[in-house]
Amino acid sequence: MPMIDVYAVAGTFDDKRRLACELGSAVMRWEQVPPIALFRDNTAAFIHDLPDRAISNVSGDGNYVRVQVLTPVGTLDREKQLGVVKELTEIVAVADGDPTQADRTWVLLTESPEGGWGMAGHAYASDEIVAAARAQLATGSEATEAS
């Protein structure tokens, strides 16, 4: 149930909502969580348009994209980290319409501390998230893909 922030110069992406959905769906696949409402409704991406010249590397180049992915602690092992970074980079390059954007995309993976995943006013620990997912799966009403 990631939270994703994408920072790019305004005009980099034409369809921000589609990009947000694709990024969130990709990370959910790598997390290997079931497509239940608990995860679908609490996975989001925020596309931040920055003014021209607001992004720069040390060389002065500003055509970079930064993707920050926040997940609950322990969600992504090394294989999943590698997969997430690769796939999100590819998604960004396609959304930009420039295959070379992949070379200028930074993906940063971070984890919230145990007990630091807040939803609906409650700071959830990992075992509480698992329990909530199991309870939702037990009802059988939410175990289908969103269309």
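Predicted, not measured: the structure shown is a model, and the values here were computed from it.
The shortest distance between side-chain heavy atoms of Trp106 and Val67 does not fall below 4.5 Å. A heavy-atom distance below 4.5 Å is not found between the side chains of Thr105 and Tyr64. Inter-residue side-chain proximity for Ser126 and Glu114 is flagged as met; some heavy-atom pair is nearer than 4.5 Å. At a threshold of 4.5 Å between non-hydrogen side-chain atoms, the residues Pro113 and Val73 do not count as touching. Taking 4.5 Å as the limit, every side-chain heavy atom of Val94 sits out of range of all side-chain heavy atoms of Val92. At least one side-chain heavy atom of Val65 sits less than 4.5 Å from a side-chain heavy atom of Thr12. Side chains of Pro34 and Leu137 form a contact here, defined as non-hydrogen atoms less than 4.5 Å apart. Residues Leu70 and Trp117 form a side-chain contact, since some pair of their non-hydrogen atoms from C-beta on lies under 4.5 Å apart.
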task: Give the intermediate values and the outcome of side chain to side chain contact (heavy atoms under 4.5 Å, CB included) for residues Gln81 and Asp77.
output: CA-CA 6 Å; Gln81 291 170 345; Asp77 61 20; over 6 Å; no
query: Under the side chain to side chain contact (heavy atoms under 4.5 Å, CB included) criterion, do Leu108 and Arg66 qualify, and how do the steps go?
result: CA-CA 8 Å; Leu108 307 172; Arg66 176 181 158 184; 3.4 Å; yes
message: Run the side chain to side chain contact (heavy atoms under 4.5 Å, CB included) test on Val27 and Val69 for me, step by step, so that the C-alpha distance in whole Å, both residues' side-chain angles and the decisive distance to 0.1 Å come before the verdict.
response: CA-CA 9 Å; Val27 179; Val69 181; 4.3 Å; yes
task: Quick one: do Thr71 and Ser112 satisfy side chain to side chain contact (heavy atoms under 4.5 Å, CB included)? Show the steps, please.
output: CA-CA 6 Å; Thr71 61; Ser112 66; over 6 Å; no
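Taken from CH2 in Trp30 to CD in Glu79, the straight-line distance is 6.0 Å, to the nearest 0.5 Å. Rounded to the nearest 0.5 Å, atoms CD (Gln68) and CG (Asp5) are 7.0 Å apart. To the nearest 0.5 angstrom, Ile47 atom CD1 is 13.0 Å from Arg18 atom CZ. Distance check: Phe39 CZ to Ile129 CD1 gives 7.0 Å after rounding to the nearest 0.5 Å. Once rounded to the nearest 0.5 Å, the distance linking CG of Asp14 with CG of Leu19 reads 10.5 Å. Expressed to the nearest 0.5 Å, how far CE of Met1 lies from OG1 of Thr43 amounts to 7.0 Å.
When all heavy atoms are compared, the tightest approach of Ile91 to Ala26 is CD1-CB, 3.7 Å. When all heavy atoms of Ala102 and Ala93 are compared, the pair lying nearest together is N-CB, 3.9 Å. The two residues Pro2 and Glu31 come nearest to each other via the heavy atoms CD-OE1, 3.4 Å. Scanning all heavy atoms of the two residues, the minimum distance from Gln136 to Leu38 falls at OE1-N, 2.9 Å.
In terms of modelled atom types and a separation under 3.5 Å, the side chain of Thr75 and the main chain of Pro72 share a donor-acceptor contact. For the pair Glu128 (side chain) and Ala125 (backbone), a donor-acceptor distance under 3.5 Å is present.
One hydrophobic cluster, built from ILVMFWY side chains closer than 4.5 Å, holds both Val33 and Tyr124. One hydrophobic cluster, built from ILVMFWY side chains closer than 4.5 Å, cannot hold both Val107 and Tyr7; they sit in different ones.
Salt-bridge check for Asp61 with Arg104: failed, with every basic side-chain N at 4.0 Å or more from each acidic carboxylate O.
Ring geometry for Phe46 against His48 counts as parallel: the plane angle stays under 30°, on a 0 to 90° scale with 60° as the upper cut.
Residue Leu88 forms a side chain to side chain contact (heavy atoms under 4.5 Å, CB included) with just one option from Leu109, Val6, Leu23, and that option is Leu23.
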